[in-house]
Amino acid sequence: MLLNKMPSEEENLISKKEVLSQTGISYGQLYRWKRKGLIPEEWFIRRSTFTGQETFFPRDKIIPRIEQIKRMKEEHPLDDLAELITRKVDEKLEVAFSRLRDLGWLDERLLGICGIQQEEERVPMADAFCLGIVRRLQRTAREEELELVKRTLEEAGAGELIPRVREEGLQLYLLRKRIAAGGLSAQISAVVIAPAGALFDPELEVIKAVDLRVVLDEIKLGFGASKVRTLRKQLREEAARLKKQELKRLKEEMHKEEG
Amino acid sequence: MSERANSASISGAGRISGGTYDRVTISGAGKVIGDLAANELRISGAGKVEGKVRAREIVVSGSTTFTDSVHGDEMRVSGSARIEGRVEVKELKCSGSIKVHGGISAQYLKSSGHLQVDGDVSAEIFKASGGFQIEGLLSADHVEIAIGGACLVREIGGERIDVRRGGWREKGILFDGLIKLFTGGGTAELRAGLIEGDEVHLEDTIADTVRGKTVEIGPGCKIGTVEYSESLRVASGAKVKNKSRLGSE
């Protein structure tokens with residue numbers, strides 16, 4: 001075991017055995033995900049070790065990727081995952097204004113905050129994304145906090161941010177903290193974009209957390225959040241049913257041939 | 001050469017150009033020049049396709065060479081087929097001999113003849129009862145091998161790997177001779193560099209390394225190293241040089 005670690009330490013590689021024991025996945029899953037293109041061929045690095053040929057992976061890539069697949073496979077059929085994981089380009093595209101109408105997102109005040117003109121036929125993805133977020137905050141957040149959200153998104157650069165939303169499971173947190181000193185008291189607001197489960201100091205109050213993945217899905221599919229959940233469930237069930245049917249058919253055929 | 005609307009058939013010697021067809025049938029010696037898209041492609045004579053093929057059903061019972069990749073739903077080879085590109089089909093059944101240079105990707109692959117692949121083979125279910133030579137990785141959820149000739153593969157990886165002694169021994173000398181003819185001689189055993197799976201059962205297998213959760217090394221096996229995490233059984237006739245149980249740290 002110790003010898004196996006030698007090559008891995010030089011380049012921050014992790015052996016297949018370690019990957020399996022660290023993430024709890026099986027050989028079957030690893031090979032299946034490789035076949036489906038969820039783990040790129042180039043990440044499989046073959047090295048000779050004391051015990052023979054071994055496969056290593058770039059440690060900082062493989063572990064997050066496996067965690068991502070484990071998380072996402074609950075919600076998506078495996079065959080769609082490769083596309084979802086590798087899809088980045090279309091998130092930079094535009095959204096038809098009519099889609100925002102279908103979503104019921106047309107609110108003059110919110111459109112104004114996100115800088116969307118009513119007359120526009122197509123809206124940049126970044127602006128639609130901003131709209132999807134602020135409308136979730138509108139009841140709890142103050143006007144200047146909504147502005148702060150908009151500025152934060154602008155600063156982050158939506159083109160850069162959107163691909164990371166899925167990879168890292170990003171959430172947007174609206175936080176407030178009261179500071180009192182010498183008889184004066186003030187409240188400050190903060191906007192943080194971080195992966196789910198970020199921890200804050202106890203004096204910070206989390207006013208609202210928005211799951212950015214859900215916002216993206218809403219825009220892409222043109223449905224509200226509850227509808228997205230129902231559709232996903234239906235899709236999952238349908239896929240499971242079809243797979244079962246197909247396997248049954250193959251099995252029967254195999255039996256027939258053997259018999 | 002007769003031609004119907006949208007279908008083409010060569011029954012003597014002839015050639016057609018690629019394109020989109022409903023049915024293409026070659027029963028003499030025929031050549032397709034250019035990329036071909038068809039509902040059905042049947043070759044029972046000597047055929048050659050110079051270009052990519054995309055067809056729902058591909059049946060080769062003669063001898064055929066494909067100079068590029070082959071895509072389809074169903075492919076059946078009972079003669080001999082040589083594919084210089086990749087094969088990507090839902091179902092591949094081979095009872096003849098098939099030689100692929102660019103690798104195979106299928107949902108279901110069954111070979112009772114001889115299979116030779118220069119690249120990787122990936123499938124959901126892989127069943128072989130003949131012989132094969134795979135230069136790359138054989139990866140499938142279920143790998144079922146009934147050894148019926150010389151089986152050679154660099155690596156096998158999957159969920160369930162089941163290698164059994166083939167039934168050919170009982171079928172007599174003639175059958176044995178036929179297999180040797182097909183496979184170019186060689187003993188009926190599986191040789192592999194590495195075998196990794198969750199449930200592994202092996203017979204008549206010679207491998208450098210076997211890794212798995214539950215591993216059964218059956219009769220006729222010679223294994224360099226076995227690493228297992230849950231259980232290991234070694235049959236009395238099998239040889240295993242090194243065994244080690246992996247901790248679940």
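Chain naming here is simple, since letters A, B, ... match the order of the sequence lines and numbering starts at 1 in each.
Here A/K251 pairs with nothing under the side-chain contact (heavy atoms from CB on, under 4.5 Å) rule; sequence neighbours left out. The salt bridge (charged side-chain N to carboxylate O under 4.0 Å, His left out) test applied to B/R42 returns B/E40, B/E57, not counting sequence neighbours.
Heavy atoms of A/L247 lying under 4.5 Å from chain B belong exclusively to its side chain. In this structure, the portion of B/Q107 lying under 4.5 Å from any heavy atom of chain A is its side chain and not its backbone. Residue contact with chain A, scored on non-hydrogen atoms closer than 4.5 Å, involves the side chain of B/D120 exclusively.
Other residues, nucleotides and ligands contribute only 12 or fewer heavy atoms inside 6.0 Å of the CZ atom of B/R233. Heavy atoms from other residues, nucleotides or ligands lying under 6.0 Å from CZ of B/R191 number 12 at most. The number of heavy-atom neighbours closer than 6.0 Å to CZ of B/R164, taken from other residues, nucleotides and ligands shown, is above 12.
Interface with chain A: from residues 135-142 of chain B, residues B/L137, B/S139, B/A140, B/D141 qualify, criterion being any non-hydrogen pair under 4.5 Å.
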Legend entry - CA sep, side-chain torsions, deciding dist, call: B/E91, A/R249, salt bridge (charged side-chain N to carboxylate O under 4.0 Å, His left out): CA-CA 12 Å; B/E91 218 176 286; A/R249 191 183 67 78; 3.5 Å; yes

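The structure places CD1 of B/I161 at 7.5 Å from OH of A/Y31, a figure rounded to the nearest 0.5 Å. Atom-to-atom distance recorded for B/K90:NZ and A/E246:CD is 8.0 Å, nearest 0.5 angstrom. Separating the CD atom in A/E18 from the CG atom in B/L246 is a distance of 11.0 Å, to the nearest 0.5 Å.
At a threshold of 4.0 Å, the pair B/K93-A/E253 counts as salt-bridged, since one of the basic side-chain nitrogens sits closer than that to a carboxylate oxygen. At a threshold of 4.0 Å, the pair B/E196-A/K17 does not count as salt-bridged, since none of the basic side-chain nitrogens sits closer than that to a carboxylate oxygen.
By number of non-hydrogen pairs under 4.5 angstrom with chain B, the leading residue of A/K16, A/Q29, A/K34, A/R35 is A/R35. Annotation: maximal heavy-atom pairing with chain A below 4.5 Å, among B/S105, B/G197, B/S122, occurs at B/G197.
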Can you give each donor-acceptor pair under 3.5 Å made by side-chain atoms of residues 146-159 of chain B, sequence neighbours left out, with the distance rounded to 0.1 Å?
| unit_1 | atom_1 | unit_2 | atom_2 | d |
| --- | --- | --- | --- | --- |
| B/E155 | OE2 | A/R46 | NH1 | 2.0 |
| B/E155 | OE2 | A/R46 | NH2 | 3.4 |
| B/E159 | OE1 | A/R32 | NH2 | 2.2 |

